[in-house]
Student: 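Got a structure for you, questions after.
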Amino acid sequence: MSKRALSISREQSFPEWYQAAVRDGDMAETSPVRGCMIIKPWGWGVWERIQAELDARIKDTGHENCYFPLFIPMSFIAKEAEHVEGFAKEMAVVTHHRLKNEGGKLVVDPQAKLEEPLIVRPTSETIIGDAFQRWIKSYRDLPLLINQWANVVRWEMRTRLFLRTAEFLWQEGHTAHADRDDAMAETLKMLEVYRAFAEDVLAMPVIAGEKPANERFPGADNTYSIEAMMQDGKALQAGTSHYLGTHFAQAQNIQFQNEQGQLTYCHTTSWGVSTRLIGGVIMTHGDDDGLRIPPRIAPHQIVIVPMLRDKPEDKELIDFCAALEKDLKAQGVRVLVDAKPIKSAEKRWNWVRRGAPVIVEIGGRDASAGNVTFMRRDKLREGDKVASHTKARADFVAGVQQLLDGIQAALYAEAKARLDGNILTGIKTFDELAAYFGTVENDDEGGAFKGWARVAWSRPEGDKLEAIADRLKALKLTIRNAPLDQTEISGACLFTGDTAREYVLIGRAY
RNA sequence: CGGAGCGUAGCGCAGCCUGGUAGCGCACUUGCUUCGGGAGCAAGGGGUCGGAGGUUCGAAUCCUCUCGCUCCGACCA
């Protein structure tokens, strides 16, 4: 058995493996503030790549970036009834604006109480809606397409790095439209942007679909999501897009005069993805040697480790590496030469854990022969041995883009096979569903990988749906979404026995 | 907020039952050796044993309270 770069395997305990992967991969750590995280340079670099790639796509679809305040007057949140109810339990509230020194102790100055408490934004529908209400007067102002990159706070009970933190970073798009069709088209367009982004950039295959009524965003008419399958078979909601109808428009008086001069409520949408995506990337691609970052979001796509020996020959090595770095950069590749005075073997394994897509190791013989020795992080081992490849320098440089594309594609293919191969179809009754998923007492104790089930249902709402959700909850299951991509359906609803209307995906979730 | 478990060096842990004021592995520092690869030897540095009280001549160890973390549940991107 060869040694693995992480001290715990996915098999042993997936949650513990996740924590080790995040920590040893230098992505993030917990902070002195409960539930918040410190994102370290390597993790931040990944987020910057995600931002850059997604921001370009958001702008390509006609949206403009802007920035709204972190603080929202409490009365704003109260305007949309469902919205308040959905978020009330997890809001951070600012009530004072001054401290004072009392007998050497710093205390909140009761004199400095705010007239109206401020909420630290959990999302920005209300404060952006307030601006929309002033900005929109005419049908000529529509559609209004806005996006912002921001941090938000939701005071969560239980937190996990990247997956659920009290403060997280995201982008939130907010748009206003003249009618339902236009707003719905926007909602679905952005869902598609997310799907393509997740698959093309994160190499994370997802299923785009509509959330059942009980999983809707507070205040939305329709909520859509992209759902990704993690390596433990659980679903991760990786992005959401909401059609908000006229709920917020009515609550906040977002109206325009149409071509006939009539005052009309706007139809609004909102959509977002967060730093949770990074957790998704980790749980999609990570292995027992740590992270495997897809080349398109890797801060350094290629890390060059010179095998320094603290001798005069080192200079030749460093020169060779610098020249290689220059050539690779000319190919548009993000390269780092790691010449830190640390043992080469140590550096190699650090980059393995961080998941740099390609790790190049240059020794004296490589330098004089003009060769490049490298490892692909996606296919690190062959059997028990680390798979090291050697190429002539010129060939390596010429083929580098192809190499990176190949890694990106291989990571996607691996995850795609897992997703496609683990959606069970053909389940017709609730008993079969229960038998398949079983009552796993303890998910983390090697609960067998189950993936998801695709079942037919009649799309009930209200009490009927609540009852179904409760039955599923007993099995720790939730309805993830109804895929947009529906095949022809026949037969009966698994839950009600009524005529089925569509397929939904069911699984355990993060 | 309920249930379970855990807080001892950066990480992983032992010691606790049967009190006598800390230890192991990895990591870190220095030196020598080694050198196509997760090296060896030697010498070092680092801990108010989560915190506060209490019992005791003496507490990591026993008692009480408290804070935090992890997992499960409720909630959620």
Side-chain angles (χ1 to χ4, degrees), chain A residues 2-8 13-16 18-20 23-24 29-35 85-91 122-123 151-172 194 211 215-218 223 225-228 235-242 270-280 289 305-311 313-314 317 342-353 359 361-369 371 373 375 380 385-386 388 390 440-445 447 470 473-474 476 478 508-510:
Chain A
S2 67
K3 195 172 161 187
R4 294 285 165 167
L6 294 187
S7 56
I8 185 157
S13 167
F14 198 77
E16 283 177 51
Y18 177 77
Q19 288 190 78
R23 189 190 63 223
D24 293 353
E29 57 189 37
T30 53
S31 76
V33 183
R34 183 197 160 88
E85 201 181 317
F87 285 108
K89 283 166 284 186
E90 49 187 39
M91 304 249 229
T123 179
N151 57 339
V152 288
V153 169
R154 297 180 189 175
W155 214 260
E156 298 288 349
M157 302 280 186
R158 250 180 78 204
T159 59
R160 312 178 74 174
L161 293 174
F162 291 116
L163 298 174
R164 176 165 301 111
T165 45
E167 178 192 21
F168 58 94
L169 306 178
W170 74 348
Q171 61 63 221
E172 48 180 324
Y194 288 157
K211 285 287 195 186
E215 304 263 355
R216 276 180 200 142
F217 175 79
T223 285
S225 72
I226 51 170
E227 302 279 334
L236 183 77
Q237 180 171 306
T240 50
S241 186
H242 316 288
S270 68
W271 27 273
V273 299
S274 71
T275 35
R276 170 180 261 198
L277 286 176
I278 296 174
D289 289 308
V305 178
M307 312 303 282
L308 301 174
R309 297 163 98 176
D310 212 11
K311 296 205 170 146
E313 302 90 271
D314 283 358
L317 258 184
I342 298 174
K343 278 184 291 186
S344 317
E346 202 57 47
K347 282 193 279 191
R348 170 211 273 197
W349 290 102
N350 285 340
W351 288 113
V352 165
R353 278 184 283 266
I359 301 165
E361 295 180 328
I362 302 293
R365 241 175 280 161
D366 291 313
S368 35
N371 283 337
T373 299
M375 289 166 284
L380 184 67
K385 289 174 68 181
V386 170
S388 186
T390 300
V440 173
E441 252 49 76
N442 207 345
D443 292 313
D444 52 314
E445 298 288 330
D470 285 348
K473 194 180 283 176
K476 293 185 183 175
T478 52
R508 300 207 161 99
Y510 276 95

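Given the structure is predicted, the values throughout are model-derived calculations rather than measurements.
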Student: Please give, in whole Å, the distance from B:rG38 P to A:Asp24 CG?
Tutor: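 Going from A:Asp24 (CG) to B:rG38 (P), I get 19 Å.
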Student: Can you sort out the partners of A:Thr123 under side-chain hydrogen bond (donor to acceptor under 3.5 Å, both in side chains), two or more places apart, ordered by chain and number?
Tutor: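 In terms of side-chain hydrogen bond (donor to acceptor under 3.5 Å, both in side chains), with neighbours along the sequence ignored, A:Thr123 is linked to A:Glu125.
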Student: Of all residues at least two apart in sequence or in a different chain, which pass the ring-ring contact (aromatic ring centres under 6.0 Å, His included) check with A:Trp170?
Tutor: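 Once residues adjacent in sequence are excluded, the partners of A:Trp170 under the ring-ring contact (aromatic ring centres under 6.0 Å, His included) criterion are A:Phe168.
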Student: Side-chain contact, heavy-atom cut-off 4.5 Å: A:Trp155 with A:Lys89?
Tutor: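 They are not in side-chain contact.
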Student: Tell me which nucleotide, if any, is Watson-Crick or G-U wobble paired with B:rG19 when both distances must be under 3.5 Å.
Tutor: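 Partner of B:rG19: none found under 3.5 Å.
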Student: Sticking with atom C1', work out how far B:rC41 lies from B:rU55, rounded to a whole angstrom.
Tutor: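 Nearest-Å result for B:rC41 against B:rU55 at atom C1': 49 Å.
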Student: Given the C1' atoms of B:rC75 and B:rU56, what is the spacing between them in whole Å?
Tutor: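 My reading of the C1' atoms in B:rC75 and B:rU56 gives 47 Å.
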Student: Is the backbone of A:Arg4 close enough, under 3.5 Å, to the side chain of A:Asp289 for a donor and an acceptor to pair up by distance?
Tutor: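 No; judged by distance alone, with no hydrogens or angles, the pair does not exist.
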Student: With a 3.5 Å limit on both atom pairs, tell me what B:rC24 is paired to, counting Watson-Crick and G-U wobble, or say none.
Tutor: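 Across all strands, the one nucleotide that pairs with B:rC24 is B:rG12.
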Student: Atom CZ of A:Phe217 to atom P of B:rA77: distance rounded to whole Å?
Tutor: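 In whole Å, B:rA77 P and A:Phe217 CZ are 8 Å from each other.
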Student: Is there a donor-acceptor contact under 3.5 Å from the side chain of A:Arg154 to the main chain of A:Glu90?
Tutor: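 No: the side chain of A:Arg154 does not pair with the backbone of A:Glu90.
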Student: Could you check whether any side-chain heavy atom of A:Lys211 comes within less than 4.5 Å of a side-chain heavy atom of A:Glu227, counting everything from C-beta outward?
Tutor: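 They are in contact (side-chain heavy atoms under 4.5 Å apart), so the answer is yes.
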Student: Nearest to the side chain of A:Lys473, which nucleotide is it out of B:rG73, B:rA74, B:rA77?
Tutor: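 Given the options B:rG73, B:rA74, B:rA77, the side chain of A:Lys473 is closest to B:rA74.
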Student: Let's test this: given Watson-Crick or G-U wobble pairing with both distances under 3.5 Å, identify the partner of B:rG31.
Tutor: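 B:rC41 - that is the nucleotide pairing with B:rG31, both distances being under 3.5 Å.
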Student: Write down the distance between OH (A:Tyr194) and C1' (B:rA77), rounded to a whole number of angstrom.
Tutor: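 Rounding to the nearest Å, OH of A:Tyr194 and C1' of B:rA77 are 11 Å apart.
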Student: Tell me whether the ring of A:Trp170 lies stacked over the B:rA77 base, given a 5.5 Å limit on centroids and a 30° limit on the plane angle.
Tutor: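 Given the distance and angle limits, no, they do not stack.
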Student: What is the separation between atom CG on A:Asp470 and atom C1' on B:rG73, rounded to the nearest whole Å?
Tutor: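 Atom-to-atom, A:Asp470 to B:rG73, this comes out as 14 Å.
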Student: Nearest nucleotide by nearest heavy atom, which residue falls closer to the 5' end of RNA chain B, A:Thr373 or A:Arg216?
Tutor: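 The 5'-side residue here is A:Thr373.
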Student: Need to verify one output field. Residue with the more 5' nearest nucleotide on RNA chain B, A:Ala367 or A:Ala166?
Tutor: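 Residue closer to the 5' terminus by nearest nucleotide: A:Ala367.
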Student: Grab the CZ-P distance between A:Arg158 and B:rA74 for me, whole Å please.
Tutor: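 Checked: the CZ to P distance equals 10 Å.
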Student: Hydrogens and angles aside, do A:Thr390 and A:Thr373 bring a side-chain donor and acceptor to less than 3.5 Å of each other?
Tutor: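 On atom types as modelled, these side chains qualify, holding a pair under 3.5 Å.
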Student: Would you mind telling me which of B:rA77, B:rC75, B:rG12 lies closest to the side-chain atoms of A:Arg23?
Tutor: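 For the A:Arg23 side chain, the nearest candidate turns out to be B:rG12.
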Student: Quick check: do A:Val386 and A:Arg348 have side-chain heavy atoms less than 4.5 Å from each other?
Tutor: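 Side chain of A:Val386 against side chain of A:Arg348, heavy atoms only: contact under 4.5 Å found.
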Student: Using a cut-off of under 3.5 Å, enumerate the N/O to N/O pairs linking the protein to nucleotides 27-35 of chain B.
Tutor:
residue	atom	partner	partner atom	Å
B:rC35	O2'	A:Arg309	NE	3.1
B:rC35	O2'	A:Arg309	NH2	2.4

Student: With rounding to whole Å, what would you report as the distance between B:rC65 and B:rG3 at their P atoms?
Tutor: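 That atom pair is separated by 14 Å.
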Student: Regarding A:Thr478, tell me which of base, sugar-phosphate or nothing describes its non-hydrogen contacts under 4.0 Å with the strands shown.
Tutor: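 Answer is nothing: A:Thr478 stays at 4.0 Å or more from every strand.
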Student: Go through it in stages, so that I can follow the logic: the residues are A:Met375 and A:Val352, the test is side chain to side chain contact (heavy atoms under 4.5 Å, CB included), and I'd like the CA-CA distance, side-chain angles, deciding distance and then a yes or no.
Tutor: CA-CA 9 Å; A:Met375 289 166 284; A:Val352 165; 5.5 Å; no
Student: Please give the distance between the P atoms of B:rA60 and B:rG19 as a whole number of Å.
Tutor: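 Rounded to whole Å, the distance is 14 Å.
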Student: What residues, two or more places apart in sequence or in another chain, satisfy ring-ring contact (aromatic ring centres under 6.0 Å, His included) together with A:Phe162?
Tutor: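 By the ring-ring contact (aromatic ring centres under 6.0 Å, His included) rule, A:Phe162 matches no residue at all.
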Student: Considering Watson-Crick and G-U wobble pairs with both distances under 3.5 Å, what does B:rU64 pair with?
Tutor: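 Pairing partner, where one exists within any strand: B:rA52.
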Student: Can you check the distance between B:rG25 and B:rG46, where both ends of the measurement are the C1' atom (answer in whole Å)?
Tutor: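 Their C1' atoms lie roughly 16 Å apart.
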Student: Would you please name every residue forming a side-chain hydrogen bond (donor to acceptor under 3.5 Å, both in side chains) with A:Asn151, sequence neighbours left out?
Tutor: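 A:Asn151 satisfies side-chain hydrogen bond (donor to acceptor under 3.5 Å, both in side chains) with A:Arg121, A:Glu167 only.
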Student: Quick one: label A:Gly86 by what it contacts on the DNA or RNA (base, sugar-phosphate, nothing), any heavy atom closer than 4.0 Å.
Tutor: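 Result for A:Gly86 = nothing.
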Student: Base, sugar-phosphate alone, or nothing: which one does A:Leu277 contact when heavy atoms must sit under 4.0 Å apart?
Tutor: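 Nothing, no nucleic acid heavy atom in range.
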Student: Between B:rC75 atom P and A:Glu156 atom CD, what is the distance in whole Å?
Tutor: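 Result: 12 Å.
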Student: Tabulate atom names and distances for all N/O pairs under 3.5 angstrom spanning the protein and nucleotides 68-70 of chain B.
Tutor:
residue	atom	partner	partner atom	Å
B:rC69	OP2	A:Arg34	NH1	2.7
B:rU70	O3'	A:Gln19	NE2	3.4

Student: May I have the distance from A:Glu90 (atom CD) to B:rA74 (atom C1'), rounded to whole angstrom?
Tutor: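 Computing the A:Glu90:CD to B:rA74:C1' distance gives 13 Å.
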Student: Quick one: CG on A:Leu161 to OG1 on A:Thr275, what's the gap to the nearest 0.5 Å?
Tutor: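 Interatomic distance, A:Leu161 CG to A:Thr275 OG1, rounded to 0.5 Å: 10.5 Å.
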Student: What's the gap between B:rA27 and B:rA22 when it is taken at their P atoms, as a whole Å value?
Tutor: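 About 26 Å, rounded to a whole number of Å.
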Student: Expressed in whole Å, how much space separates the C1' atoms belonging to B:rG15 and B:rG54?
Tutor: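 So the two C1' atoms sit 24 Å from each other.
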Student: Could you please name the partner base of B:rU70, counting Watson-Crick and G-U wobble pairs only when both distances are under 3.5 Å?
Tutor: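 Matched B:rU70 with B:rA4 under the 3.5 Å cut-off.
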Student: How far does the C1' atom of B:rC17 sit from the matching atom of B:rU61, given to the nearest Å?
Tutor: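 Here B:rC17 and B:rU61 have their C1' atoms 9 Å from each other.
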Student: Heavy atoms under 4.0 Å, any strand shown: does A:Ala5 hit a base, just sugar-phosphate, or nothing?
Tutor: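 It contacts base atoms.
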Student: How are the rings of A:His242 and A:Phe217 set relative to one another: parallel (under 30°), tilted (30 to 60°) or perpendicular (over 60°)?
Tutor: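 A:His242 vs A:Phe217 ring planes: parallel.
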Student: Looking for any heavy atom pair under 4.0 Å, which part of the strands does A:Gly272 touch: base, sugar-phosphate only, or nothing?
Tutor: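 The answer is nothing, as A:Gly272 stays clear of every strand by at least 4.0 Å.
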Student: Of all the choices, B:rA74, B:rG73, B:rA77, which nucleotide is nearest to the side chain of A:Gln237 once you look at every atom?
Tutor: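 Closest nucleotide to the A:Gln237 side chain: B:rA77.
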Student: Nearest to the side chain of A:Met307 - B:rA77, B:rG37, B:rC72?
Tutor: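 Selected nucleotide (nearest to the side chain): B:rG37.
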Student: Please classify the nucleic acid contact of A:Ser7 as base, sugar-phosphate, or nothing, using heavy-atom distances under 4.0 Å.
Tutor: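 It contacts nothing in the nucleic acid.
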Student: Using whole Å, report how far CH2 of A:Trp155 lies from P of B:rC1.
Tutor: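 Taking CH2 of A:Trp155 and P of B:rC1, I get 13 Å after rounding.
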Student: Taking only the side-chain heavy atoms of A:Ala345 (C-beta and beyond), determine which of B:rC75, B:rG38, B:rG37 contains the nearest atom.
Tutor: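 Looking only at heavy atoms from C-beta outward on A:Ala345, the closest nucleotide is B:rG38.
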